[in-house]
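Reviewing the structure listed below.
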Amino acid sequence: MKKHITAGTAVALCALTAVGTFNVTLLGCRSGLNRLLPSYTAQQELYGKLGEIKQTVDEHYVGTYDVDEAVDMAATGFVVGIGDRWSSYLNAEQFEKYKLNFGGQLVGIGVSVSYDEGQQAIHISDVYEGSPAERAGLRRGDYILGADGKTVKDDGYNEVVNAVSGKEGTKVVLTVRYADGETDKITCERKKVDKVTVRGKMLEGHIGYLRIRDFDGGADTQFQEALQELLDEGADQLVFDVRFNPGGSVTVLANMLDRLLPEGPIITLKPKGGEGGKEYTSDENEIDLPMAVLVNAESISAAEFFPAALQEYGKAVIVGDKTIGKGYSQRQYPLSDGSALILSDQMYYTPKGKNLAGVGITPDVEIPLPEEKYSNFEFLEPGDDDQLQAALQALGDR
């Protein structure tokens, strides 16, 4: 509000002060106003430039355009222009999807998928129990070739994925190819479904394996349930797989690590200027079993801090590829029209006070996954997964 104050208003406010303090107050107001003027002038220039562009377009552009769409693109460009790959602008529709996804839900048919370039199709890697996809007969290993008239071959993977999602209660017509090669068209009603983020299974030798796809809402509950089930089945070693995990909630991350770590810090967040911030800690209750964590270059944010904390406490051996190094956390800043900024506004630090920005995690055992296996990751059998086998070997050597 101060940034919109005028010189006349400032003087009028000063004139209302008591006579005995008039000179001091006037000087104080002028000093404060002088500090505000450079910022105010800069904002005037910025808004003036955007207004000038709009006026020129309106006067001379021979086509038609959507003003709201143009403003959204301008907002997108501004955030891109700050040079932070982790910050973004979301229009109102995108923000609603973002909030739903961050909370552990989605509107769609209830599947996890990957892109199969060779088949030019969407490959279904997981079908959620009770989902529209399951009711329509889709299974892991089936392909989606197209949706509502769009095809992966002609329109691309992202266009078809966007076509599959939509408003709750509406229907989508899918062109599918089943694992046996038969092609068909089926109709699914889009529903709000809970994401299945964590899957656990027992490997040979009483080794519990947990695949963690993200750290969004509900992932910590799924993690605790899957982990306890493996422990009840007799797991005496654990492998956590956060490859291709884009991150998620710091709170969810801390809840997961609290079960695995001894008493002490988990992660510390510090805002601009470094003052204040928040520290997440673990209690003294911990699982004391040999552990390994699988990572790759697509393990980002919380998926880097998960192995970092376990590594720094000496709790787990890290296996795979070096991670990218994301050292900022983001928060949502809703705007008046329902859109929002997702803005990097805090630095975060490992238990030993290390920021991972541009540094990442260096695995204890560095081993790449061959390209043909990398692209087919979701469908690798344990015996064919070089990185998993290296993790099992590392556990055996401990």
Side-chain angles (χ1 to χ4, degrees), residues 72 79 86-114 124-134 158 161-170 172 188-200 210-228 240-242 244-259 266-267 269 278 280 298-306 326 328-346 348:
D72 279 336
V79 179
W86 312 115
S87 296
S88 60
Y89 166 80
L90 303 178
N91 63 33
E93 182 179 353
Q94 292 168 334
F95 185 43
E96 287 302 314
K97 289 182 179 180
Y98 175 90
K99 289 187 292 184
L100 191 66
N101 187 69
F102 194 75
Q105 293 184 311
L106 55 82
V107 173
I109 63 173
V111 294
S112 292
V113 300
S114 60
I124 298 176
S125 57
D126 198 2
V127 178
Y128 305 162
E129 184 177 354
S131 67
E134 185 185 57
N158 289 328
V161 168
N162 290 334
V164 173
S165 65
K167 292 184 178 180
E168 185 176 9
T170 61
V172 57
C188 288
E189 184 176 356
R190 300 178 178 98
K191 294 286 187 181
K192 185 180 293 183
V193 297
D194 293 326
K195 293 192 299 181
V196 178
T197 296
V198 181
R199 293 281 195 188
L210 288 100
R211 170 85 171 102
I212 307 169
R213 287 196 172 95
D214 62 45
F215 290 88
D216 290 339
D220 46 354
T221 300
Q222 294 180 30
F223 176 82
Q224 303 290 359
E225 293 173 350
L227 176 58
Q228 191 59 52
F240 304 107
D241 191 345
V242 294
F244 299 97
N245 181 320
S249 164
V250 173
T251 301
V252 169
L253 166 71
N255 289 342
M256 289 186 180
L257 285 171
D258 185 26
R259 184 80 185 278
I266 296 175
I267 185 172
L269 287 81
K278 181 173 183 178
Y280 292 82
E298 304 298 328
S299 303
I300 302 172
S301 190
E304 297 179 89
F305 272 79
F306 183 86
K326 179 174 180 282
Y328 304 155
S329 70
Q330 292 72 44
R331 275 191 294 188
Q332 308 165 15
Y333 288 86
L335 304 177
S336 59
D337 64 347
S339 61
L341 296 181
I342 309 301
L343 191 65
S344 295
D345 66 350
Q346 296 182 96
Y348 43 31

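For the numbers below, each heavy atom of this structure counts, side chains included, while hydrogens, waters and symmetry mates do not.
Considering only residues two or more places apart in sequence or on other chains, E189 meets the salt bridge (charged side-chain N to carboxylate O under 4.0 Å, His left out) condition with K191. Considering only residues two or more places apart in sequence or on other chains, L343 meets the side chain to side chain contact (heavy atoms under 4.5 Å, CB included) condition with I82, S87, Y333. Residues satisfying the side chain to side chain donor-acceptor pair (under 3.5 Å) test with D72, not counting sequence neighbours, are Y89. Residues meeting the ring-ring contact (aromatic ring centres under 6.0 Å, His included) test with F306, sequence neighbours left out: F215, F240. Taking Y328 as the reference, nothing meets the ring-ring contact (aromatic ring centres under 6.0 Å, His included) condition, with sequence neighbours excluded. Shown here are the side chain to side chain contact (heavy atoms under 4.5 Å, CB included) partners of Q224, two or more places apart in sequence or in another chain: R259. Residues satisfying the salt bridge (charged side-chain N to carboxylate O under 4.0 Å, His left out) criterion with D214, sequence neighbours excluded, are K195. Applying the salt bridge (charged side-chain N to carboxylate O under 4.0 Å, His left out) test to K99 and every residue at least two apart in sequence or in another chain returns E96. Contacts of S125 classified as side chain to side chain contact (heavy atoms under 4.5 Å, CB included), with partners at least two apart in sequence or in another chain: S112, R140, R213, E378, F379. Residues forming a side chain to side chain contact (heavy atoms under 4.5 Å, CB included) with L100 (at least two apart in sequence, or on another chain): Q105, V107, K192. Residues forming a ring-ring contact (aromatic ring centres under 6.0 Å, His included) with Y98 (at least two apart in sequence, or on another chain): F102.
Nearest heavy atom pair, residue A302 against residue G248, reads CB-N, 4.0 Å. When all heavy atoms of G247 and S301 are compared, the closest pair comes out as CA-CB, 4.2 Å. In plain terms, the two heavy atoms of S131 and G110 that are nearest each other are OG-O, 3.4 Å. The shortest non-hydrogen separation linking V242 to S299 is O-OG, 2.8 Å. Looking at every heavy atom in both residues, A340 comes nearest to P334 through CB-CA, 3.9 Å. Scanning all heavy atoms of the two residues, the minimum distance from S344 to Q330 falls at OG-NE2, 2.8 Å.
The CE atom of M256 sits 16.0 Å away from atom CZ of F305, with the distance rounded to the nearest 0.5 Å. Between the CG atom of N91 and the CG atom of L335 there is a distance of 11.0 Å, given to the nearest 0.5 Å. Between the OG1 atom of T251 and the CG atom of D220 there is a distance of 8.5 Å, given to the nearest 0.5 Å. Residue D258 holds its CG atom at 11.0 Å from CG of L253, rounded to the nearest 0.5 Å. Here the straight-line distance linking atom OG1 of T221 with atom CG of D194 works out to 10.5 Å at 0.5 Å rounding.
Inter-residue side-chain proximity for L90 and I342 is flagged as met; some heavy-atom pair is nearer than 4.5 Å. Counting only heavy atoms from C-beta outward, the side chains of V193 and P132 approach each other to under 4.5 Å. Side-chain contact between L269 and Y280 is present, with at least one heavy-atom pair separated by less than 4.5 Å. Within the 4.5 Å cutoff, side-chain heavy atoms of E134 are placed close to those of E129. With a 4.5 Å cut-off on side-chain heavy atoms, F244 and R211 count as touching. Residues K97 and S165 have side chains in contact (heavy-atom distance under 4.5 Å, counting atoms from C-beta outward).
Within the structure, salt bridge (charged side-chain N to carboxylate O under 4.0 Å, His left out) pairs that include any residue of residues 329-340 comprise R331-D345 (at least two apart or interchain).
Looking only at distances, no side-chain donor or acceptor of Q346 sits under 3.5 Å from a matching main-chain atom of S329.
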- Query: When you look at L227 and L210, which way does the side chain to side chain contact (heavy atoms under 4.5 Å, CB included) test go after all the steps?
  - Reply: CA-CA 7 Å; L227 176 58; L210 288 100; 4.2 Å; yes
